[in-house]
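Worksheet: the structure to be examined is printed underneath.
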There are 2 protein chains.
Amino acid sequence: MENEPPAPRPRRRTPAGAAVLREEVTDAIRTAVFEELAAVGYGRLSIERVARRAGVGKAAVYRRWPSKLPIVLDVVSALAVQGLPTPDTGALRTDVRALLELTSRVMRHPMVAQIIPDLMAEAARNEEIAQAVQAAIRDSQRTIAEAVIRNAVARGELPADADIDLAVDLASGPLYWRLVLGRSPLPKGYLDSLTTAITTALGAKES
Amino acid sequence: MENEPPAPRPRRRTPAGAAVLREEVTDAIRTAVFEELAAVGYGRLSIERVARRAGVGKAAVYRRWPSKLPIVLDVVSALAVQGLPTPDTGALRTDVRALLELTSRVMRHPMVAQIIPDLMAEAARNEEIAQAVQAAIRDSQRTIAEAVIRNAVARGELPADADIDLAVDLASGPLYWRLVLGRSPLPKGYLDSLTTAITTALGAKES
DNA sequence: AACGGTTGGAACGCAACCGTTCCGTCGTCA
DNA sequence: TGACGACGGAACGGTTGCGTTCCAACCGTT
């Protein structure tokens, strides 16, 4: 027991036999992170609780991610994958209206309504989270807005230089502000008025 | 030492001599809470750190507030007191434009930019915070918007039934969404376009 | 059948806060 | 001027989370 040379990396064979990270465990952890994020927020999120919720040993978590931040980045990035469908109803107004309806439904989703504000708050103090959130939310939004506007331009409903940036902010900002801050149901004609405001802002830009 | 009846409040005299809570200490704590809130957020805010930052014993804190939540509610409510000035330039468009400029400046303020998202996130899981934030932000906003619109109606620039709710959301939502999520400087004509969108949405409502 | 690495679970020492209690000091009202 | 009570500071026991390290059990490739 004393003459063993510390084994100069004998030969590590291939990765392994059946001893490989089980995807189901990974998914369980990701789900637990998501739920925990909604329940207590990023600030209070702890690996210990995540593991407990996932029904998993802490070691299983640390085997995959070195710390809290990478896990959250992973989960957030995963959200971006399944983007929202792009409405294509044949007319700008109905496209915008459909988009608003979809957006308001997503923002009302209990889990989303908890997580997004939390991530935005954390993004203000963490550049990596900021980029992940931006990629997951804003970029996908912009893609949708671009498509809707491109279609409208092709139909001659909008001038070619419609302001996409403003459109994106008008389509999400007011809804977010109202739903998160007020948390009251939207007034009756709210989405219609907002639709008018957006289409007018886009079309009347050059007039 | 055994026959002492637990002192039926002998007579407590008046409050006290010079042993009264010192306002400067209270202020120091409030300031520390505010800074700590910006630095680490509500979730991670600890009485211990607040006391340390304020240069104060923990006891001084607990002498004033029983726990974390009341302190924060206190500080948040205090923010509502000094409301923003109401622009009154003599025309709707310039009023709105001034309001947007003011709003964007406030939202850019480093401390505010950190705290508001954080409070909104916490409001999603805490009804008391939600009400405090709503009172501090939304109500004061609405007051300003009402004044601006009332003036415009009096000048005949707007119909009497202009949609105040929508106006409030349009004036804050897009700016917030862009500044917090994008954190890039506003594009050149952004405030102008937004001004147009808002005034149009208000005036064109019934047309 | 054997190997190797993952599995859930328990425990480690360490650190941060919790809310409370006890100091000796200090300032001010009565 | 005396007494009351807040002051900063230190310490209390208890809880929680950290990141690591063991363990026996399991399982799929070879």
Side-chain angles (χ1 to χ4, degrees), chain A residues 4 6-33 35-37 39-74 118 122 126, chain B residues 1 6-7 9-33 35-37 39-74 122 126:
Chain A
E4 302 284 2
R9 276 315 117 177
R11 55 221 123 63
R12 202 41 126 199
R13 207 74 77 108
T14 70
V20 83
L21 295 179
R22 285 163 55 193
E23 191 61 31
E24 46 179 325
V25 172
T26 307
D27 288 343
I29 296 175
R30 265 197 270 258
T31 300
V33 168
E35 294 171 353
E36 200 66 17
L37 212 47
V40 304
Y42 180 87
R44 278 197 264 253
L45 184 139
S46 79
I47 305 285
E48 199 119 7
R49 290 171 60 90
V50 166
R52 215 177 300 146
R53 186 190 281 268
V56 147
K58 273 203 293 177
V61 178
Y62 281 108
R63 227 169 267 132
R64 279 152 241 260
W65 297 279
S67 62
K68 180 163 106 173
L69 178 56
I71 311 182
V72 173
L73 292 180
D74 183 332
D118 202 84
E122 204 56 31
N126 187 310
Chain B
M1 60 179 70
R9 283 310 121 177
R11 58 225 124 65
R12 202 42 124 197
R13 206 74 77 109
T14 69
V20 83
L21 295 180
R22 285 163 56 193
E23 190 61 31
E24 46 178 325
V25 171
T26 306
D27 288 343
I29 296 175
R30 264 197 271 259
T31 300
V33 168
E35 292 171 352
E36 201 67 15
L37 212 48
V40 304
Y42 180 86
R44 279 198 263 253
L45 184 140
S46 78
I47 305 284
E48 199 118 10
R49 289 170 61 90
V50 166
R52 215 177 300 146
R53 186 190 281 266
V56 148
K58 273 203 293 177
V61 178
Y62 281 108
R63 228 170 266 132
R64 278 153 243 258
W65 297 278
S67 64
K68 181 163 104 173
L69 179 56
I71 312 183
V72 174
L73 292 181
D74 183 332
E122 205 55 32
N126 187 310

Which is it for B/Thr26 and B/Arg30 under the side chain to side chain contact (heavy atoms under 4.5 Å, CB included) test, yes or no, and what are the steps along the way?
CA-CA 6 Å; B/Thr26 306; B/Arg30 264 197 271 259; 3.4 Å; yes
Starting from C1' on C/dG8, measure out to CZ on A/Arg64 and report it in whole angstrom.
12 Å
Looking at C/dT21, C/dT7, C/dC17, which one has an atom nearest to any side-chain atom of B/Ser46?
C/dC17
From CD1 of A/Ile47 across to C1' of D/dT16 the rounded distance in Å is 14 Å
Between C1' on C/dG4 and CZ on A/Arg63, what's the gap in Å once rounded to a whole number?
13 Å
Could you state the interatomic distance from CD1 (B/Ile71) to OH (B/Tyr42), rounded to the nearest 0.5 Å?
9.0 Å
Roughly how many Å is it from CD in B/Glu24 to C1' in D/dA6, rounded to a whole number?
11 Å
Tell me which donor-acceptor pairs under 3.5 Å the side chains of residues 51-61 of chain B have, and how far apart each pair is, sequence neighbours excluded?
residue	atom	partner	partner atom	Å
B/Arg53	NE	B/Glu36	OE1	2.6
B/Arg53	NH1	B/Glu35	OE1	3.2
B/Arg53	NH2	B/Glu36	OE1	3.0

Taking 4.0 Å as the cut-off, does a side-chain nitrogen or oxygen of B/Arg44 come that near to OP1 or OP2 on D/dG17?
no
Euclidean distance, atom CH2 of residue B/Trp65 to atom P of C/dG19 [Å, nearest integer]:
15 Å
Output the rounded distance in Å from CD (A/Glu23) to C1' (D/dG28).
17 Å
Give a yes/no on whether any side-chain N or O of A/Arg22 is located under 4.0 angstrom from OP1 or OP2 of C/dT7.
no
Taking the nucleotide of DNA chain C with the closest heavy atom to each, which residue, A/Thr26 or B/Tyr62, is nearer the 5' end?
A/Thr26
Can you see which heavy atom on A/Arg49 is nearest to which on A/Val40, and at what distance?
NH2-CG1, 3.9 Å
Point-to-point distance, once rounded to the nearest 0.5 Å, from OH of A/Tyr62 to OG of A/Ser67:
8.0 Å
Encoded 5' to 3' (Watson-Crick or G-U under 3.5 Å; [ ] crossing; | other strand), DNA chain D becomes ||||||||||||||||||||||||||||||
Taking for each residue the nucleotide of DNA chain D with the nearest heavy atom, is it B/Val25 or A/Pro66 whose nucleotide lies nearer the 5' end?
B/Val25
Beyond-backbone contact of B/Arg64 with B/Asp74, side-chain heavy atoms, under 4.5 angstrom
no
From CG of B/Leu45 across to C1' of C/dC18 the rounded distance in Å is 13 Å
DNA chain C contacts among residues 49-58 of chain B, heavy-atom distance under 4.0 Å
B/Arg49, B/Arg52, B/Lys58
Using whole Å, report how far CD of A/Glu48 lies from P of C/dA10.
12 Å
